[in-house]
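Notes to accompany the following structure.
Chain letters run A, B, ... following the sequence lines, proteins first and then strands; every chain starts at 1.
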Amino acid sequence: MLDIRWIRSNADEVKAYLANRNNDFDIEPLLALDEEKRKLLSETEELKAKRNEGSRKVGMAKSKGEDAVELMEEMRVIGDRIRDIDSTLAEIEEKMNNMLLSIPNRPHESVPVGKDENDNPVVRRWGEPKSFAFEPKAHWDIGEAAGIMDFEKGAALAQSRFTVLKGVGARLERALLNFMLDLHTEKHGYLEVQPPFMVNSKTMQGTGQLPKFADDLYKCENDDLWLIPTAEVPLTNLFAGEILEEEQLPFYCTAYTPCFRREAGAYGRDVRGMLRQHQFDKVEMVKISTPERSYEELEMLTDNAEEVLRLLEIPHRTVCLCTGDMGFGSSKTYDIEVWLPSQDKYREISSCSNCEDFQARRMNTRYRPKGGGKPQFVHTLNGSGIAVGRTLIAVLENYQREDGSVEIPKALVSYMGGVEEIR
RNA sequence: GGAGAGGUGGCCGAGUGGUCGAAGGCGAUUGACUCGAAAUCAAUUGGGCGGCUUGCCGUCCCGUGGGUUCAAAUCCCACCUUCUCCGCCA
């Protein structure tokens, strides 16, 4: 959410970046409501001042045993007017709030202007795609042949886009997430957290999933609860409504959670295999920072995610999302893409974003600066550290051998109970 | 799910209709005393919004949302939440 006062005095800048984001939101009606709201607010506050004064006089008169009927009647009339204005005001505020909640975040000045993913510049590459002496297979062929992935059972038990992992496959999933959590907690200084996998509407609104993206979420029928699409939601909201001390910042936390997404807009895409699932495992990293150092923190966060792939020795690259491809709440996002030999291309495996104060304002998370002074909104950052299911895919495809067996990356062997290959 | 008791400022805690944004205490900050510290004394010490002469004025906030009233922390209703007991349960 943006600050209405900032929008008021930077209307042209807002219009310009909305265009760069391919967003057609019109801020003029919002500005008109803002104008009207402030007018009504002064009016009702003036009346309230008058009423407070009058009520005080009634009190004083009564304590002296005097009659105050006339004054009470006068105050009653004022009270009625206040009620009218306040109810209009409440309507206007609700409208404004809904509008404010639908405006995407402002991109950072370092973000390249562009139309879609084709305009995302590559900022780093690590490793060379391995050349295979044979035709590399897709993970679903490798997984089914090895008896560790069952897509038919997934569909039978639930729906398409669900998979059953078995034996070494299930073990590999668990090995990967343990490996990632250990790396971030022991080496990168993140606090391990296990949050709820369901959250309420307010929490979903805090990070920006609601009200705009309800169609992408799974909702529980009888309760105000939603399945989380990413651990970013509960982790970032950990301090919602609080004022932190600057000494507590930066705060780093990480969590493994399953993630649930309806994939409503992705009907024909990635239908085979387990690249795009309704339920997938992810290790997430979240940082709460002061505004001064949030961009430095973003670079470190992205590096923390990249390190997972470096240690697993899987080729990958990092791109900076352009204005047209960025997510709703982000000011700057790096996507990390992993090499998938069967597709002969890089695919997203992590997304690391600085949301600046966009989520903080929605959640109302602030900190008190060291020297004292007014509380300021924090900056929030999040990044996959990394998507576990997709990492499993990347391992299978990049470490496959001609005979259909798969080598286990060295970094994972101890997590696999000493198993060095899948066959 | 049933019964009961609570939710007040950073913390503890008083306040059952009228100058109450809220006594008192603790903590914190500043000043005095001190070579320094402690102790002591004094002052200050929440947040949001709006206005303008940017320092002040106004307004709102005592779990949340409604209601009654000239006036609500205080009365009424609903909800959330914490604790205790019972039931159920991994």
Practice problem: Report the distance from atom NZ of A:K57 to atom C1' of B:U69, rounded to the nearest whole Å. | Solution: 20 Å

Quiz item: Could you give the CD-to-P distance, from A:E43 to B:U59, as a whole number of Å?
Solution: 16 Å

Quiz item: Can you check the A:E242 CD to B:G47 P distance for me, whole Å?
Solution: 16 Å

Practice problem: Could you work out the separation of B:C83 and B:A32 based on their C1' atoms and round it to a whole Å? | Solution: 46 Å

Practice problem: Give a yes-or-no answer on whether the side chains of A:S55 and A:N52 include a donor-acceptor pair shorter than 3.5 Å. | Solution: no

Self-check item: Between P of B:U69 and CD of A:E73, the distance in whole Å
Solution: 12 Å

Quiz item: Relative to each other, are the rings of A:H278 and A:F162 parallel, tilted or perpendicular (30° and 60° limits)?
Solution: tilted

Exercise. Provide, to the nearest angstrom, the distance between the CE atom belonging to A:M75 and the P atom belonging to B:A72.
Key: 13 Å

Quiz item: When you measure from the side chain of A:R5, which nucleotide among B:G50, B:G47, B:C70 comes out closest?
Solution: B:G50

Quiz item: Among all residues two or more places apart in sequence or in another chain, which pass the ring pair (Phe, Tyr, Trp, His ring centres under 6.0 Å) test with A:F377?
Solution: none

Quiz item: Which part of the nucleic acid, if any, lies within contact of A:M72, taking any heavy atom under 4.0 Å across all strands shown: a base, the sugar-phosphate backbone alone, or nothing?
Solution: base

Exercise. Quickly work out the A:E74 CD to B:U69 P distance and round it to whole Å.
Key: 18 Å

Quiz prompt | Inter-nucleotide C1' distance (B:C12, B:G67), Å rounded | solution = 33 Å

Quiz item: Using a cut-off of less than 4.0 Å, is there contact between a side-chain N or O of A:R76 and OP1 or OP2 of B:A71?
Solution: no

Practice problem: Quick one: the dot-bracket string of RNA chain B, using Watson-Crick and G-U wobble pairs with both distances under 3.5 Å, [ ] for crossing pairs and | for bases paired to another strand. | Solution: ((((((((.[[[..)..(.....]]]((((((.......))))))(((((((..))))))).[[[[[..)....]]]]])))))))....

Quiz item: Rounding to the closest angstrom, what is the interatomic distance between B:U64 and B:C80 at atom C1'?
Solution: 7 Å

Quiz item: Looking only at side chains, do A:Y295 and A:E356 share a donor and an acceptor under 3.5 Å apart?
Solution: yes

Quiz item: Looking at B:G48, B:U19, B:C49, which one has an atom nearest to any side-chain atom of A:R56?
Solution: B:U19

Quiz prompt | Distance, C1' atom - from B:U53 to B:G66, rounded to whole angstrom | solution = 40 Å

Quiz prompt | Along RNA chain B (nearest heavy atom to each residue), the more 5'-positioned of A:G59 and A:G54 | solution = A:G59

Quiz item: Are any of A:R8's side-chain N or O atoms less than 4.0 Å away from OP1 or OP2 of B:G50?
Solution: yes

Quiz item: With rounding to whole Å, what would you report as the distance between B:G31 and B:G21 at their P atoms?
Solution: 32 Å

Self-check item: 5′-ward residue of the pair A:L71/A:D34 relative to RNA chain B
Solution: A:D34

Exercise. Provide the distance between the two C1' atoms, one in B:A5 and one in B:G63, to the nearest whole Å.
Key: 16 Å

Quiz prompt | Residue-phosphate contact under 4.0 Å: A:R366 side-chain N/O, B:G48 OP1/OP2 | solution = yes

Self-check item: Options B:G50, B:C60, B:G47, nucleotide nearest the side-chain atoms of A:P375
Solution: B:G47

Self-check item: N/O (side chain, A:K374) to phosphate O (OP1/OP2, B:G48) under 4.0 Å
Solution: yes

Quiz prompt | Span that lies between the C1' atom of B:U19 and that of B:U84, in whole angstrom | solution = 41 Å

Quiz item: What residue among A:R362, A:K287, A:Q359, A:E232 forms side-chain hydrogen bond (donor to acceptor under 3.5 Å, both in side chains) with A:T380?
Solution: A:Q359

Quiz item: Counting only side-chain N and O atoms of A:N52, is one of them less than 4.0 Å from OP1 or OP2 of B:C60?
Solution: yes

Quiz item: Does a side-chain N-to-carboxylate-O contact under 4.0 Å join A:R361 and A:D357?
Solution: yes

Quiz item: Is A:L41 touching bases, backbone alone, or none of the nucleic acid, heavy atoms closer than 4.0 Å?
Solution: sugar-phosphate

Quiz item: Looking only at side chains, do A:S331 and A:N354 share a donor and an acceptor under 3.5 Å apart?
Solution: no

Quiz item: To the nearest Å, how far apart are A:D86 CG and B:C49 C1'?
Solution: 13 Å

Self-check item: Flag for A:H139-A:Q400: side-chain donor and acceptor within less than 3.5 Å
Solution: no

Quiz prompt | With sequence neighbours excluded, residues passing ring pair (Phe, Tyr, Trp, His ring centres under 6.0 Å) with A:Y17 | solution = none

Self-check item: A:E46 CD to B:C49 C1', straight-line distance once rounded to whole Å
Solution: 16 Å

Quiz item: Would you say A:R368 reaches B:G46's phosphate, i.e. side-chain N/O to OP1/OP2 under 4.0 Å?
Solution: no

Quiz item: When you compare B:G18 with B:U69, how far apart are their C1' atoms, in angstrom units rounded to a whole number?
Solution: 12 Å

